[in-house]
Amino acid sequence: MKQLTEQLAQAIVRPRQRNTYKGSFGKILIVGGNAQFGGAAIMSASAAVYAGAGLVSVATDPVNRSALHARLPEAMILNAASSALETAIRQATVIVVGPGLGTDNAALAILKRVFAAVEQTQVLIIDGSAITLVAAHHLDYPNAQLIWTPHQVEWQRLSGLALPDQTVTASQQAARRIPGIVVAKSSQTHVFVGDDVYENMAGGPAMATGGSGDTLTGIIAAFAGQFQPLKQAVLAAVFVHSHVADIVAMNSYVALPTMVIRELPAYLKQLSES
Ligand SMILES: NC(=O)C1=CN([C@@H]2O[C@H](COP(=O)(O)OP(=O)(O)OC[C@H]3O[C@@H](n4cnc5c(N)ncnc54)[C@H](OP(=O)(O)O)[C@@H]3O)[C@@H](O)[C@H]2O)[C@@H](O)CC1
Ligand SMILES: Nc1ncnc2c1ncn2[C@@H]1O[C@H](COP(=O)(O)OP(=O)(O)O)[C@@H](O)[C@H]1O
Ligand SMILES: [Mg+2]
């Protein structure tokens, strides 16, 4: 088993080239946020913007429009239930589906449309409610570059492994049956990619607060839009999320998602120049 390190993140988070524009750093689409969980989509989108994504759009319940614009004017917004969803998917390089999406029929319909529209070259990060829906409805896996980010109960739903049975070996075997990269989140997150297992020693209980996982999806999306190869981008994102939370936790009892998000640009600048 390998460890996630700052060196690994340093290797791909490099200074930006001069001859670039916003389109050079990823077009991210976040699909999530129902009337109950709008904050999840806002945190995911904020993390993507603050982690350097070039353009960020959010397909969500229209009830979230004012809150999103007030918190994050950098993001664009569309109604996830409208046909604008397919257009936005076509334009995106990286798509996140699930944060705050919910698990009702409306959410299932949106998820199925995302799975139908996404293309093989696109990166699709599947999180939260979307994982729960895939497991509950036995949905076929879409044909794209998949990244799964289950917490332990979502991993139980997706893999069939009860929490006490989620050993590294058993989880690795289960991850092999699922296409793409699996980020199995816990107090000691493991990333399963091909035959490799990476362990994340960064992070701590200050992160045990609603929205930490939503925030991770935005960082992964931003890194997937900016850095290559995809495997390194995902590994670096998992490390950076937890490491920045550790920095926040030096002076704060809880590492709130909004606090972690705010610290991202300064840490990435430091990382790129080290
Ligand atoms: N501000 C917002 O808008 C926010 C919106 N959010 C969005 O809400 C949606 C639902 O996501 P979810 O994770 O809250 O619910 P679900 O998948 O049902 O799992 C919870 C159940 O599993 C149990 N449990 C046991 N161990 C666990 C573990 N290690 N990690 C986690 N859970 C564990 C747990 O047990 P209990 O806490 O009751 O002891 C409970 O019974 C999703 O779309 C997400 O993005 C959230 O991000 C919050 C902020
Ligand atoms: N005790 C802990 N130690 C380290 N990391 C933690 C701890 N508790 C939570 N985390 C991290 O916080 C995130 C929680 O994700 P998740 O449960 O999906 O949150 P949410 O859905 O509320 O956004 C994961 O990245 C997880 O690794
Ligand atoms: Mg979550």
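Order of listing sets the numbers, starting from 1, for every ligand and every atom in it.
Heavy-atom distances between P99 and ligand 1 reach below 4.0 Å in at least one pair.
By the criterion of a heavy-atom distance under 4.0 Å, both the backbone and the side chain of M207 are placed next to ligand 2. The proximity of H241 to ligand 2, defined as any non-hydrogen pair under 4.0 Å, is limited to the side chain. Of all the heavy atoms of P257, none lies under 4.0 Å from any atom of ligand 2, so neither backbone nor side chain is involved.
For the atom pair CD1 of I77 and OG of S57, the computed distance is 10.0 Å after rounding to the nearest 0.5 Å.
Where the criterion is an N or O separation shorter than 3.5 Å, residue side chain and backbone included, H151 fails it with respect to ligand 2. By the 3.5 Å distance cut-off applied to N or O atoms, T209 is not counted among the residues near ligand 2. Among the atoms of D214, some N or O lies under 3.5 angstrom from an N or O of ligand 2. Annotation: T189 places an N or O atom under 3.5 Å from an N or O atom of ligand 2; distance criterion only. Not one N or O of G210 is nearer than 3.5 Å to an N or O of ligand 2, by distance alone. Residue G213 has at least one nitrogen or oxygen atom sitting less than 3.5 Å from a nitrogen or oxygen atom of ligand 2, judged on distance alone.
In this structure, atom 26 (N) of ligand 1 has a protein heavy-atom contact shorter than 4.0 Å. For atom 9 (C) of ligand 1, a protein heavy-atom neighbour is found at a distance under 4.0 Å. Atom 39 (O) of ligand 1 is never approached by the protein to below 4.0 angstrom, counting heavy atoms only. For atom 30 (N) of ligand 1, the nearest protein heavy atom lies closer than 4.0 Å. There is no protein heavy atom closer than 4.0 angstrom to atom 21 (C) of ligand 1. Atom 36 (P) of ligand 1 lies below 4.0 Å from none of the non-hydrogen atoms of the protein.
G211 N, 2.9 Å is the protein heavy atom nearest to atom 22 (O) of ligand 2. Among all protein heavy atoms, the one lying closest to atom 44 (C) of ligand 1 is G100 N, 3.8 Å. In terms of protein heavy-atom proximity, atom 23 (C) of ligand 1 is closest to V153 CG2, 3.6 Å. Counting protein heavy atoms only, atom 28 (C) of ligand 1 is closest to Q152 OE1, 4.0 Å. For atom 2 (C) of ligand 2, the nearest non-hydrogen atom of the protein is G204 O, 3.4 Å. Closest to atom 27 (O) of ligand 2, if we only count protein heavy atoms, is S186 O, 2.8 Å. S129 OG, 3.5 Å is the protein heavy atom nearest to atom 42 (C) of ligand 1. Scanning the protein for heavy atoms near atom 12 (P) of ligand 1, the closest one is H151 NE2, 4.0 Å. Protein heavy atom at the shortest distance from atom 11 (O) of ligand 1 is E154 OE2, 4.4 Å. The closest protein non-hydrogen atom to atom 6 (N) of ligand 1 is D214 OD2, 4.0 Å. The protein atom (non-hydrogen) at minimum distance from atom 17 (O) of ligand 1 is R157 NH1, 2.8 Å.
Both cation-pi conditions hold for R16 and F25: the charged atom is under 6.0 angstrom from the six-membered ring centre and inside a 45 degree cone around its axis.
For the residues G38, G98, G211, the heavy atom positioned nearest atom 49 (C) of ligand 1 is part of G211.
Environment of CZ in F239: crowded, with over 12 heavy atoms of neighbouring residues, nucleotides or ligands closer than 6.0 Å.
Set against the non-hydrogen atoms of G39, the atoms of ligand 1 under 4.0 Å away are 3 (O). Residue M43 has at least one heavy-atom neighbour below 4.0 Å for each of these atoms of ligand 1: 1 (N).
Between M207 and S242, the closest side-chain pair of non-hydrogen atoms falls below 4.5 Å. With contacts defined as side-chain heavy-atom distances shorter than 4.5 Å, the pair V58/L78 does not qualify.
Taking both residues in full, the closest heavy atoms of V96 and A221 are given as CG2-CB, 3.7 Å, listed atom of the first, atom of the second, then distance.
Separation of the H190 and Y198 ring centroids does not fall under the 6.0 Å cut-off. Aromatic ring centroids of W148 and F192 lie 6.0 Å or more apart.
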Full working for side-chain contact (heavy atoms from CB on, under 4.5 Å) between W155 and L163: CA-CA 8 Å; W155 185 228; L163 258 75; over 6 Å; no

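Side chains of S272 and R14: no donor on one and acceptor on the other come within 3.5 Å. In summary, the side chains of S274 and Q10 do present a donor paired with an acceptor at a separation below 3.5 Å, with no hydrogens or angles considered. Side-chain polar atoms of Q188 and E199 form a donor-acceptor pair below 3.5 angstrom. No side-chain N or O of T217 forms a donor-acceptor pair with one of D127 less than 3.5 Å apart.
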